[in-house]
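What follows is one structure encoded as structure tokens, with my remarks underneath.
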Amino acid sequence: MSEAVVASHLRENPYELAKSQLRKVGDVFSIDANLIRVLSQCKKAVEVSIPVAMDDGSVEVFAGYRVTHNIARGPSKGGIRYHPDVTLDEVKSLSMWMTWKCALMALPFGGAKGGVVCDPKSLSASELERMTRRYTSEIINDIGPERDIPAPDVGTDGRVMAWIFDTYSMNKGHSVLGVVTGKPLSIGGSLGREEATARGSLYCIQALSVKEGKRVSDYTVSIQGFGNVGAHLARLLHGEGATVVAVSDSRGGVYNPMGIDIPAALAHKQEAGTLTGLANADPVTNEELVELECDIFAPCALEQVVTEENADRVKATIVCEGANGPVTPAADAILEDRGVLVLPDVLANAGGVIVSYFEWVQGLQEYFWREDEVNAKLHDIVGRAFEETWQTRASRDTTMRMAAYGIAVQRVAEATTTRGLYP
Ligand code: GLU
């Protein structure tokens, strides 16, 4: 989000939306109402205050959260978000979606998420480091390789993960590789992790193209968001011969119906820090980008970009959710009526947490894999989940979202029932 934007991107309470999705899954898949009640709530939510000495000598106090939604299938897993609009309910919704994502991918993890209310772009590197280290210290008893394993999300990256890893390890007295994923390669990260979320989206689009009797190179695509997910997805799709007609970052985007030169866009972003001003492309706003003429619209930034207000103007026939929660339930219903196929977040952006799982396993074993092994295993898992979702969609005559969430919630419900309610 640019500094100029004052209104939050969250028009509706995301936790209420996530709970309403869960209730619908409960109805469609006839899941015990007692279990739905249990799964509607987060197991644990920690709220901390993070005092930070700023470079100018003042002290700023940031609010931080770490929420575990569920651990029935394993330790909780999920990213940490640094963004000015972070709220506790947003973190709760994101943690619930992590539970479903890990279950759909059959990973031995539950769901969690963390967040700090801040604008990371306005902090210096040393302020960011002090904030991250203090936040880590405040949640140090809540995280750990067998307990809860953070990772990057919006506004955080490998550098932030390195500080979390170091702070945790310094407190334990030895390096604990499994405490966090998305680490730089030099300190136990996994090959392929950085581009994994986008690669998982690409594999979903490839699988769908086979179902449609097409090739990836037949599609025109517009991509919102040019961070870790959007930029890599643009690069990968361009590499597969798709025509990427529009890309954007938080300040706005660029459009060319004949196709954007993606290597040039990546270089321009690197140099200028923005996509604005890219040659051979017209400016486009983030709002306009949602409604552009194309086959695939891939929202890869924040939640609630397709709402009941604009869903009927989406021209794409496929929406690929690189972000978490970019389509609201009301918009989902409109897109379904209009025959737009939505590849839901828990399927389309699961590549990140899948390779996070690989990184965690490699760290625990202190044995590291080749990049082609990582990508092949990622392909297996995404391909299997896509096929299961596709089959369930057909057999239940429902949407890809309901099918994906249904498979996931049933798995978590089964684990909960099998374990039994304690005490
Ligand atoms: N933040 C990413 C997500 O929403 C990755 C989470 C992880 O790797 O644990 O899926």
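Order of appearance sets the numbers: ligands from 1, and atoms from 1 within every ligand. Below, all heavy atoms of this structure are taken into account, side chains as well, without hydrogens, waters or symmetry copies.
- Every ring pair (Phe, Tyr, Trp, His ring centres under 6.0 Å) that Phe386 has, sequence neighbours left out, goes to Trp390.
- If you look at Leu94 next to ligand 1, there are no close heavy atoms at all, none under 4.0 Å.
- Atom 7 (C) of ligand 1 has its closest protein heavy atom at Ala151 CB, 3.3 Å.
- Ligand 1 lies less than 4.0 angstrom from a heavy atom belonging to Arg193.
- Around atom 10 (O) of ligand 1, the closest heavy atom drawn from Lys101, Lys77, Met161 belongs to Lys101.
- Among all non-hydrogen protein atoms, the one lying nearest atom 8 (O) of ligand 1 is Ser356 OG, 2.6 Å.
- Distances between N or O atoms of Asp153 and those of ligand 1 include at least one value under 3.5 Å.
- Using a 4.0 Å cut-off to heavy atoms of Gly79, the atoms of ligand 1 that qualify are 1 (N), 6 (C).
- Between Pro152 and ligand 1 there is a heavy-atom distance shorter than 4.0 Å.
- Under the 3.5 Å distance criterion, with hydrogens and angles disregarded, a donor-acceptor pair is assigned to the side chains of Thr181 and Ser356.
- Heavy atoms of Lys113 come nearer than 4.0 angstrom to ligand 1 in at least one pair.
- Side-chain contact between Trp360 and Ile149 is present, with at least one heavy-atom pair separated by less than 4.5 Å.
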